[in-house]
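Structure first, commentary second.
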Amino acid sequence: MKNLFLTGAVSILLLSCNKDDQKVQTATLEQQKLDYQARQIDLEKQKLAIEKEKINFEKQKDSLNKVEEEKEAERKAESNRVARKSSRRSSSSSSSSGSVASNSSSSGSSSSAGTTATQKKGWSSAAKGTVIGTVGGAAAGAIISKKNPGLGAVIGGVAGGATGYTIGRAQDRKSGRVQK
């Protein structure tokens, strides 16, 4: 009888302990679900932020393209004005000699307008390549030459500058800035 009573008590004890574990497991599952949902919301917020950045980037890109198009239109208009002035000058020089004096003043103004039409485009690729190659070569030469870093920097700078110029010149030829 004692064994039966003891077995029953142990069974009840085990069943009651098992229910507490289920409650704890249920609570942890609910917490895990909430954590998962919170992470999903954070990911969605990040995706939205990325999309906003993309939209802002596209707007900036479009506005820059519009500015470039306006500049190109201004350049074309300026070149058309220069072409008209030069055609007027050539037609007026073939007329009477009395108008030759007035042409000299107009030719001075058209030559100044011609220089504004051919604006500088900034550094050429050859110049950029030379500077970058010289600096990089000098730094590499100074690092490589442990006994005499000054001499290594000079040799590396000359070699890097020559290489950079060669590569930049080739890029200028491809872009049409320089012809053979």
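Take Q31 and apply the side chain to side chain donor-acceptor pair (under 3.5 Å) test, not counting sequence neighbours, and it matches D35. Listed by chain and residue number, Y36 satisfy the side chain to side chain donor-acceptor pair (under 3.5 Å) test with Q40 (two or more places apart in sequence, or in another chain). Listed by chain and residue number, R75, K76 satisfy the side chain to side chain contact (heavy atoms under 4.5 Å, CB included) test with E72 (two or more places apart in sequence, or in another chain).
A salt bridge does not link K66 with E69: none of the charged nitrogens is closer than 4.0 Å to a carboxylate oxygen.
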Problem set entry | Derivation of the salt bridge (charged side-chain N to carboxylate O under 4.0 Å, His left out) call for K71 and E74 | CA-CA 5 Å; K71 286 182 181 179; E74 288 175 8; over 6 Å; no
Do any side-chain atoms of residues 43-63 form donor-acceptor pairs under 3.5 angstrom with protein atoms, and if so which ones, sequence neighbours left out?
from: N56; atom 1: ND2; to: K52; atom 2: O; distance (Å): 3.4
from: S63; atom 1: OG; to: K59; atom 2: O; distance (Å): 3.4
from: S63; atom 1: OG; to: Q60; atom 2: O; distance (Å): 2.8

Ignoring hydrogens and angles, write down the donor-acceptor pairs under 3.5 Å from the side chains of residues 124-150, residues two or more places apart or on other chains.
from: S124; atom 1: OG; to: A127; atom 2: N; distance (Å): 3.2
from: S125; atom 1: OG; to: D172; atom 2: OD1; distance (Å): 3.4
from: T130; atom 1: OG1; to: A126; atom 2: O; distance (Å): 2.7
from: T134; atom 1: OG1; to: T130; atom 2: O; distance (Å): 2.6
from: S145; atom 1: OG; to: N148; atom 2: O; distance (Å): 2.8

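Interatomic distance, Q32 CD to E30 CD, rounded to the nearest 0.5 Å: 10.0 Å.
Minimum heavy-atom separation, T7 to N3: OG1-O, 2.6 Å.
Other residues sharing a hydrophobic cluster with L151 under the 4.5 Å side-chain heavy-atom criterion for ILVMFWY residues are I155.
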